[in-house]
Protein chains: 2
Amino acid sequence: MASQNKVFKALADPTRREILNMLRRKEMTAGELAKRFDMTKPSMSHHFSVLKGADLIVSRRDGQQIWYALNTTVVQDILTWALGLAHESGTQKVKLRTANNEI
Amino acid sequence: MASQNKVFKALADPTRREILNMLRRKEMTAGELAKRFDMTKPSMSHHFSVLKGADLIVSRRDGQQIWYALNTTVVQDILTWALGLAHESGTQKVKLRTANNEI
DNA sequence: TACATAATTAGACAAATAACTAATTAAGTG
DNA sequence: CACTTAATTAGTTATTTGTCTAATTATGTA
């Protein structure tokens, strides 16, 4: 995990959690994302920067626009952390699968 | 979930995450917990209060001591949230089981 | 009651955070 | 080049957060 602390600090803000939610299905540009919040673009830029610093999102430039996408690897790390809490360690091994039995 | 925002704010501090980790296996008293951190008891008390406010821990008094224990229900809520992020919703249903196939 | 122990509450303060406006960078277009 | 659009960076400010010391509450015991 990038830095566990950066990840949890990033998740502490509701705007940033909502950004992650919006990126769940598809990548989006900074402008597209910003439009959906009642906040200035510089403020949104700051949130993108915090999410990037935590490795929760990745970005790429395409012309004038910057596309942001969820980094599911770090989300998996959060899951692993929460699983460690949820199930007393040592006594139980955990498996995490989809309905189709994929990892 | 108590209030999703309170939960994530509570998780944002490394001391509080460590407290949760220590409560993973067994409940502990405020004093026992406080001893293990390089911090005053009032500071620890504050962290307990934040964790309680987020419903991440529960407490009971036994004589002079207050016992704290992890509330695994809310930890499950965090898992559910992270699962929602990790797997694009709609296309996949998720199951979460232990090695013994318990829920 | 008087004292000790466990823990919290109150209040102060420095550091971190999230928001804004103004300025800047980068890319596209006439 | 001049201008527009997309986005970020710089700098300011109010609020929140984490820590401390001092005071208080609650319980147990001689």
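Worth knowing before you read on, the calculation uses all heavy atoms, side chains too, and leaves out hydrogens, waters and symmetry mates. Quick note on labels: first sequence line is chain A, next is B, and so on, each numbered from 1.
- Partners of B:S49 according to the side chain to side chain donor-acceptor pair (under 3.5 Å) rule, which considers only residues two or more places apart in sequence or in another chain, do not exist here.
- Scanning for side chain to side chain donor-acceptor pair (under 3.5 Å) contacts around B:T72 gives an empty result, with sequence neighbours left out.
- Both A:T15 and A:G63 sit near DNA chain C, but only A:T15 has its closest nucleotide nearer the 5' end.
- For A:Q64, the side chain to side chain contact (heavy atoms under 4.5 Å, CB included) test picks out no residue, with sequence neighbours left out.
- By the side chain to side chain donor-acceptor pair (under 3.5 Å) test, A:E27 pairs with A:R60, sequence neighbours left out.
- If you measure from atom CD1 of A:I19 to atom C1' of C:dA18, you get 12 Å, rounded to the nearest angstrom.
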Quick one: side chains of residues 15-22 of chain A, donor-acceptor pairs under 3.5 Å with protein atoms, not counting sequence neighbours, listed by atom name and distance.
residue: A:R16; atom: NE; partner: A:A10; partner atom: O; Å: 2.8
residue: A:R16; atom: NH1; partner: A:H47; partner atom: ND1; Å: 3.1
residue: A:R16; atom: NH2; partner: A:K9; partner atom: O; Å: 3.2
residue: A:R17; atom: NH1; partner: A:L11; partner atom: O; Å: 2.7
residue: A:R17; atom: NH2; partner: B:N5; partner atom: OD1; Å: 2.9
residue: A:N21; atom: OD1; partner: A:R24; partner atom: NE; Å: 3.1

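- For B:T40 and D:dT19, the shortest distance from a side-chain N or O to OP1 or OP2 is not below 4.0 Å.
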Original post:
Reading nucleotides 2-17 of chain C 5' to 3', which nucleotides get B (base under 4.0 Å from a protein heavy atom), which S (sugar-phosphate only), which -?
Top reply: ---BSBBB-------S
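- Taking atom NZ of residue B:K6 and atom C1' of nucleotide D:dT17, one finds them 15 Å apart after rounding to whole Å.
- Applying the side chain to side chain donor-acceptor pair (under 3.5 Å) test to B:K35 and every residue at least two apart in sequence or in another chain returns nothing.
- Between the NE2 atom of B:H47 and the C1' atom of D:dT19 there is a distance of 8 Å, given to the nearest Å.
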Quick one: side chains of residues 38-45 of chain B, donor-acceptor pairs under 3.5 Å with protein atoms, not counting sequence neighbours, listed by atom name and distance.
residue: B:T40; atom: OG1; partner: B:S43; partner atom: N; Å: 3.4
residue: B:T40; atom: OG1; partner: B:S43; partner atom: OG; Å: 3.0

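- One atom, CG of B:D38, and another, C1' of D:dG18, lie 14 Å apart when rounded to the nearest Å.
- Formation of a donor-acceptor pair under 3.5 Å by the B:E32 side chain with backbone atoms of B:T29 is found in this model.
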Original post:
Given the rule that a pair is Watson-Crick or G-U wobble with both distances under 3.5 Å, how would you write DNA chain C in dot-bracket, using | for pairs to a different strand?
Top reply: ||||||||||||||||||||||||||||||
